[in-house]
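Have a look at the structure below, then the notes.
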Amino acid sequence: MRVIHASLHLVRLPLVHRFRTSSHAKDHLDHILVRLTDESGATGWGEIASASDPFYSPETVDTCWLVAERYLLPSVVGARWDDPAEVAGLWAKVRGHQFAKAGVDIAAWTLWALSGGVSLATALGGTRASVVAGVSLGIEPTVDDLLVEVGKHVDAGYPRVKLKIAPGWDVEPVRAVRAAFPDLMLHVDANGAYGESDDEVRALRALDGYGLSMIEQPFAPRNLLAHAALQRDIETPVCLDESIDTLDDLRTAVVLGALKVLNIKVSRLGGLGPAVAAHDLAAEHEIPVWCGGMHEFGVGRAANVALSSLPGFTLPSDVSASDKYYERDVVTPPITAAAGVVEVPTGPGLGHTVDEDFLASATVRSAEIAADS
Ligand code: OSB
Ligand code: MG
């Protein structure tokens with residue numbers, strides 16, 4: 001396989017509902033779509049799902065654009081490779097910048113699957129025909145507003161709800177949601193907002209009494225020791241998200257006892273290849289995994305669905321339908337869920353077509369990189 005042309009498309013979509021986490025609030029998102037074209041004219045799409053600001057990860061849309069345009073795509077365009085797992089080797093000297101790498105990696109996988117006539121899920125080793133989706137709900141202005149949001153998604157059939165928490169917005173909303181929905185599979189995600197003060201650790205320990213399926217990333221990303229200490233004190237599994245950017249991070253966290261559950265995000269790990277490797281390593285240690293999201297547009301969302309079809313993804317993934325976030329998605333058909341279940345496409349490649357006319361109308365900026373000969 002030889003990619004002879006690549007393009008980047010900065011695309012803006014409005015969100016149907018304002019999303020607030022411990023660090024920020026968003027009304028629209030800008031993601032970068034990556035298109036790779038091979039010698040036969042076949043195209044593979046990927047998505048760089050970085051946030052605009054460096055609050056979840058150090059990367060931003062602007063750093064991703066710079067790194068993809070200056071380093072990643074020039075190393076891929078013109079190079080020969082047989083397997084998408086080799087593509088990361090083309091940019092091996094580039095440290096970090098996982099989100100930027102992930103977008104190009106996804107495009108290479110979708111192009112390869114399409115050319116081989118297999119679905120992306122099959123190319124990755126997926127075994128499930130459908131995946132169970134959960135929803136991630138942001139911090140709401142009031143507990144009553146939150147209860148309305150939870151009710152809406154429970155009514156839509158989603159079997160698992162995750163709530164964003166932050167110091168001061170934790171025990172009270174969790175108690176209210178648990179009282180209203182006693183049997184709901186519920187978990188919380190702090191995005192690293194807690195410190196190790198007595199008050200903040202006490203609040204986290206208090207959450208142990210609400211039958212949560214996990215507490216996700218309570219402490220800062222590099223603070224594995226605090227996660228290990230909390231996990232020793234509580235029954236609820238600690239799940240790591242921001243702490244795990246590489247397989248080395250995962251190995252260290254396992255040795256320290258810093259997690260019982262892993263959130264696998266394609267973007268955070270730098271692509272589908274490393275995401276599959278993290279799935280395999282977690283399985284060796286009997287750590288259940290699920291696929292986290294970054295409010296992906298349809299391209300990244302379809303890649304998350306394909307990944308979630310691997311056997312170790314035994315917990316519901318953040319792969320809710322496109323319409324939870326966007327009025328109109330960049331792919332047709334959009335990703336849909338019925339009673340909280342998303343079917344895994346069986347057609348070649350991504351299984352969804354990029355709507356190029358709509359994409360053009362929502363594109364803010366683009367760039368092209370072509371092979372010299
Ligand atoms: O921590 O999982 C997170 C969105 C932006 C940044 C971080 C996170 C999230 C989500 C979104 O929870 C989940 C989704 O895409 O449905
Ligand atoms: Mg998270």
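By convention here, the first residue in the shown sequence is residue 1.
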Q: Can you tell me which residue pairs pass the ring-ring contact (aromatic ring centres under 6.0 Å, His included) test with a partner in residues 215-256, sequence neighbours excluded?
A: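 Non-adjacent pairs meeting ring-ring contact (aromatic ring centres under 6.0 Å, His included): F219-H227.
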Q) Which residue pairs pass the ring-ring contact (aromatic ring centres under 6.0 Å, His included) test with at least one member in residues 98-138, sequence neighbours excluded? A)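 Found W109-W112.
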**Q.** Sequence neighbours excluded - side-chain hydrogen bond (donor to acceptor under 3.5 Å, both in side chains) pairs with any residue from residues 82-97
**A.**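 Of all non-adjacent pairs touching residues 82-97, none passes side-chain hydrogen bond (donor to acceptor under 3.5 Å, both in side chains).
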Which pairs pass salt bridge (charged side-chain N to carboxylate O under 4.0 Å, His left out) with one or both residues in [range], sequence neighbours excluded?
| range | result |
| --- | --- |
| residues 312-327 | R160-D318, K162-D318 |
| residues 124-147 | none |
| residues 9-18 | R12-D30, R18-D27 |
| residues 36-55 | R2-E39, E39-R80 |

Q: For the pair E59 (side chain) and Q98 (backbone), establish whether a donor and an acceptor sit closer than 3.5 Å, ignoring hydrogens and angles.
A: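 Checked: pair present.
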**Q.** Interatomic distance, E69 atom CD to L8 atom CG [nearest 0.5 angstrom]
**A.**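 Here the interatomic distance stands at 6.5 Å.
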Q. Side chains of H9 and S7: donor-acceptor distance under 3.5 Å anywhere?
A.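 There is such a pair between these side chains.
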Q.
Can a side-chain donor-acceptor contact be found between S366 and T363 if the only test is distance below 3.5 angstrom?
A.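 There is no such pair (donor and acceptor under 3.5 Å, judged by atom type) between the side chains of T363 and S366.
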Donor-acceptor pairs under 3.5 Å, side chain of residues 306-314 to any protein atom, not counting sequence neighbours: which ones?
residue, atom, partner, partner atom, Å
S308, OG, N304, O, 2.7
S308, OG, S317, OG, 3.3
S309, OG, A306, O, 2.6

Q | Partners passing side chain to side chain contact (heavy atoms under 4.5 Å, CB included) against T236 (at least two apart in sequence or in another chain) | A |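 For T236, the residues satisfying side chain to side chain contact (heavy atoms under 4.5 Å, CB included) (neighbours in sequence not counted) are D208, L212, I215, I234.
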**Q.** Test side chain to side chain contact (heavy atoms under 4.5 Å, CB included) applied to A362 - qualifying residues, sequence neighbours left out
**A.**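 So A362 forms a side chain to side chain contact (heavy atoms under 4.5 Å, CB included) with V11, L13.
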Side-chain donor/acceptor pairs under 3.5 Å, residues 147-154, sequence neighbours excluded:
residue, atom, partner, partner atom, Å
E149, OE2, K152, NZ, 2.7
H153, ND1, E149, O, 2.9

Tabulate below the donor-acceptor pairs under 3.5 Å that side-chain atoms of residues 280-295 make, not counting sequence neighbours, or state none.
none

